[in-house]
Amino acid sequence: MASGLSSFTRKRNDSASLVHRSQRNALLGRSIFLMLLVTLAMGSFAYRLVQLQIVHGVENRQLAEANRVRLLPIPSDRGEITDRDGKRLAANRLTRSVYLWPRQQNRAQWQTTAEKLSPLLNVPAAEIIAKLEKAGYGSPLPVRISQQLSPTAFVALAEQSEQFAGVEVMAESSRYYPNGSLGAHVLGYIGEATADDIQENPHYPNGIIVGQMGIERLANRSLLGTWGNRRVEVNARGQELRWLGTQPAISGESLRMTLDLDLQQTAERALGQRRGAVVVLNVKTGEVLAMASGPSFDPNLFTRRITEAEWQRLQDPTGPLLNRALQGYPPGSTFKIVTSAAAMQSGDYSPSSRVGTAACINVGGTNFCEHGSSGYGAIGFQKALTVSSNTFFYRVGMTTGPEEIAKWGQALGLGTSSDMGLEGATHSYIPVPEEKEELFGEPWYTGDTVSMSIGQGLVQATPLELAVMTATIANGGKRVVPHLLMSETNTPETAPKPTGIRADIIETIQAGLRDVVRSGTARSLNDGSIPLTAGKTGTAEVTGKSNSMYVGYGPYENPEIAIAVVVENGGYGAVAAVPIAHEVYKTYFGRPSAPQRP
């Protein structure tokens with residue numbers, strides 16, 4: 001019996017032991033599972049902590065900082081632009097702009113706000129939303145949506161400020177052109193940086209204003225300056241609590257141009273809103289003293305949001321944005337200066353050569369005639385320039401040939417003069433046979449040479465290059481390099497270049513141009529109001545009424561300035577172009593009292 005009980009007890013104990021062992025194993029398993037679970041959780045937390053604090057630590061600290069610190073941009077003042085005497089051509093004035101803080105509202109709220117702001121600012125709601133979306137609704141930086149806030153809009157915003165969370169009015173400077181349209185094609189205009197501008201300059205802050213045309217574009221890097229910022233602590237509602245520091249903006253550099261404000265005003269006033277151009281150069285340095293193009297435009301339009309109606313007016317067929325001083329025109333008889341230089345310099349003629357003239361000459365069955373004359377007999381270059389004999393230059397041109405004419409035209413500055421980096425420029429074109437055949441698929445005829453010799457046919461010249469040609473004759477044969485900034489004057493890059501044209505040839509051409517003013521088609525310039533000058537009229541045949549042309553320089557003795565004038569469809573050079581040159585001369589010479597007429 002005892003033995004049976006003992007066996008039962010052992011079995012029971014063994015069974016209990018197995019139960020306890022099983023329980024211990026289960027408990028151990030649960031413990032290990034919990035430990036693994038806790039370790040995994042702690043590992044995940046540690047991983048996330050490392051990711052937040054170390055991997056993305058800098059970024060997250062910036063985001064956290066942005067939640068309580070507002071970075072207010074301080075736009076830099078654009079550098080002023082003045083004429084050669086320091087008179088302001090482009091300046092700045094205080095204005096107010098409206099900025100939005102994207103984070104202050106969500107997408108739906110901004111849509112409502114944009115609808116409310118639109119009538120106050122006269123900016124379409126869609127345009128406001130587009131600017132916000134471009135910057136991103138999570139951007140910590142403000143987005144400018146309107147410039148030059150009117151007093152009425154400023155008061156309205158102030159009265160309704162509680163409705164406009166994240167809307168802020170900031171004072172800043174705005175571009176201002178005190179002379180309106182004066183020199184607009186040279187100065188250019190400004191505008192908010194485009195997507196292409198930002199891509200080329202990733203460091204540009206959002207809303208930065210840059211030059212879009214003219215000197216404003218060419219010298220943008222110097223004029224721009226460097227934006228600053230002001231760090232301000234704000235509360236959860238975006239209200240400013242205190243300043244944390246300021247990095248001041250650095251103003252752009254001021255530029256002094258070669259333009260003479262008085263000459264520019266005179267040139268534009270004399271040209272009026274007629275289509276055409278006037279260029280005035282210093283014959284010794286190449287400084288551009290005036291560059292007028294008509295019709296013109298007011299660059300102040302671009303300092304604010306330009307309306308659709310204003311933009312459409314700028315697209316007028318008359319081309320107010322086109323700088324006609326850099327466009328090619330048939331030069332007409334002003335080109336006879338080139339033909340004269342080429343004929344004598346090539347060796348086919350000398351300054352003393354004489355050529356017979358006639359009412360007409362027949363070339364290939366076509367008559368090429370004088371302009372209202374039966375001919376002048378046998379004359380030389382000086383007389384031919386004075387009376388502008390067509391048949392003289394027809395014969396001279398055929399003997400000299402198109403290649404020589406093109407060669408010496410380029411030496412005088414046609415087709416080689418710099419456009420100074422301004423937009424929309426075309427160069428002169430003096431064709432040669434190979435180019436005509438390549439471009440038009442037609443052979444070169446003798447008639448092409450005849451037309452070329454008097455500046456017609458395929459010949460093209462810009463007013464700027466005609467002024468360079470005239471300055472080269474005036475200064476004794478050195479081709480000047482036109483430029484617009486005083487800092488470029490008397491530098492190796494702008495030093496006049498010798499053309500190699502002989503002094504006696506230059507003197508012969510000068511004498512012919514002098515006599516044009518003394519007794520020829522430009523004799524109205526010899527009325528005693530200014531010193532004696534020299535020049536050449538031109539009447540270029542185009543569709544409709546002919547273009548009126550004039551080139552000249554003065555004084556005849558010791559020349560100082562050269563001028564080129566074109567008036568589209570103005571008729572005879574003496575009728576439309578010469579009076580413009582006269583006004584420019586009178587301004588430059590200051591209307592001397594009763595000079596002696598030579």
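- Atom NZ of K87 has more than 12 neighbouring heavy atoms from other residues, nucleotides or ligands inside a 6.0 Å radius.
- T537 and T521 share a side-chain donor-acceptor pair at under 3.5 Å.
- Around atom CD of Q312, more than 12 heavy atoms belonging to other residues, nucleotides or ligands sit under 6.0 Å away.
- With contacts defined as side-chain heavy-atom distances shorter than 4.5 Å, the pair L89/L261 qualifies.
- The shortest side-chain heavy-atom distance between T266 and I580 does not fall under the 4.5 Å cut-off.
- In terms of modelled atom types and a separation under 3.5 Å, the side chain of N179 and the main chain of Q265 share no donor-acceptor contact.
- Interatomic distance, OG of S293 versus CD of E268, reported as 8.5 Å (0.5 Å rounding).
- L412 contributes atom CG, which lies 5.0 Å from atom CD1 of I473 (distance to the nearest 0.5 angstrom).
- The distance from atom CG of L224 to atom OH of Y204, rounded to the nearest 0.5 Å, is 5.5 Å.
- Checked by atom type and distance alone, the side chain of N92 never pairs as donor or acceptor with a backbone atom of S173 at under 3.5 Å.
- The 12-atom threshold is not exceeded at CG of N122, counting heavy atoms of other residues, nucleotides or ligands nearer than 6.0 Å.
- Residues L218 and L422 have side chains in contact (heavy-atom distance under 4.5 Å, counting atoms from C-beta outward).
- Contact detail for Y550 and A522: the closest heavy-atom pair is CE1-CB, 3.7 Å.
- Residues Y556 and P531 are not in side-chain contact: their nearest non-hydrogen atoms beyond the backbone lie 4.5 Å or more apart.
- The minimum heavy-atom distance linking K436 with Y429 is given by the pair N-OH, 4.5 Å.
- Checked for salt-bridge contact, E583 and R269 miss the test: no charged N lies under 4.0 Å from a carboxylate O.
- Side-chain N or O atoms of D448 include one that pairs as donor or acceptor with a backbone N or O of Y445 at under 3.5 Å.
- Looking at R221 and E253, their side chains never come closer than 4.5 Å, going by heavy atoms from C-beta outward.
- Remark: the backbone N or O of N569 is paired with a side-chain donor or acceptor of N547 at under 3.5 angstrom.
- A salt bridge links E287 with R84; the closest basic N to acidic carboxylate O contact falls under 4.0 Å.
- The side-chain hydrogen bond (donor to acceptor under 3.5 Å, both in side chains) test with E568 is passed by exactly one of R274, Q327, K545, R324: R324.
- Side-chain atoms of E192 do not come within 3.5 Å of backbone N or O of I209 as any donor-acceptor pair.
- The neighbour count for Y572 OH, taken as heavy atoms of other residues, nucleotides or ligands under 6.0 Å away, does not exceed 12.
- Listed here is the closest heavy atom pair of S118 and P124: OG-CA, 3.7 Å.
- Side chain of R523 to main chain of G520: a donor-acceptor pair is present (N/O by atom type, distance under 3.5 Å, no hydrogens or angles).
- Counting non-hydrogen atoms of other residues, nucleotides and ligands closer than 6.0 Å to CD of E541 gives a total of 12 or fewer.
- Remark: the backbone N or O of G570 is not paired with any side-chain donor or acceptor of S546 at under 3.5 angstrom.
- At a threshold of 4.0 Å, the pair K284-E560 does not count as salt-bridged, since none of the basic side-chain nitrogens sits closer than that to a carboxylate oxygen.
- One N or O on the side chain of R479 and one on the backbone of A411 form a donor-acceptor pair closer than 3.5 Å.
- Between M469 and V338, the closest side-chain pair of non-hydrogen atoms falls below 4.5 Å.
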Before giving the answer on side-chain contact (heavy atoms from CB on, under 4.5 Å), spell out for E423 and R217 the whole-Å C-alpha distance, their side-chain angles and the decisive distance to 0.1 Å.
CA-CA 10 Å; E423 298 80 5; R217 180 187 65 82; 2.4 Å; yes
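- Panel note: side chain S453, backbone F393; a donor-acceptor pair is recorded below 3.5 Å.
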Determine whether K536 and T470 satisfy the following criterion, side-chain contact (heavy atoms from CB on, under 4.5 Å), listing intermediate values before the conclusion.
CA-CA 9 Å; K536 185 75 188 75; T470 307; over 6 Å; no
With side-chain contact (heavy atoms from CB on, under 4.5 Å) as the test, would you mind laying out the steps for R304 and L301 before giving the verdict?
CA-CA 6 Å; R304 54 172 172 76; L301 291 172; 3.3 Å; yes
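- Checked against side chain to side chain contact (heavy atoms under 4.5 Å, CB included), A184 has the following partners two or more places apart in sequence or in another chain: S296, F297, P299.
- Rounded to the nearest 0.5 angstrom, T462 OG1 and L414 CG are separated by 8.0 Å.
- Counted by atom type alone, T472 and K478 present zero donor-acceptor pairs between their side chains at under 3.5 Å.
- Once rounded to the nearest 0.5 Å, the distance linking CG of L289 with CD1 of I563 reads 10.0 Å.
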Could you please spell out the steps behind the salt bridge (Lys or Arg N to Asp or Glu O under 4.0 Å) verdict for R175 and E80?
CA-CA 9 Å; R175 203 52 155 175; E80 290 193 342; over 6 Å; no
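- Judged purely by atom type and a 3.5 angstrom limit, H185 uses its side chain to pair as donor or acceptor with the backbone of P320.
- The closest side-chain heavy-atom distance from T489 to H483 is below 4.5 Å.
- In E438, the CD atom is not crowded: 12 or fewer heavy atoms of neighbouring residues, nucleotides or ligands sit closer than 6.0 Å.
- To the nearest 0.5 Å, the span separating CG on L484 from CE on M257 amounts to 4.5 Å.
- Looking at V459 and Y329, their side chains never come closer than 4.5 Å, going by heavy atoms from C-beta outward.
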Decide yes or no on side-chain contact (heavy atoms from CB on, under 4.5 Å) for V283 and V480, but give the supporting numbers first.
CA-CA 7 Å; V283 303; V480 296; 5.7 Å; no
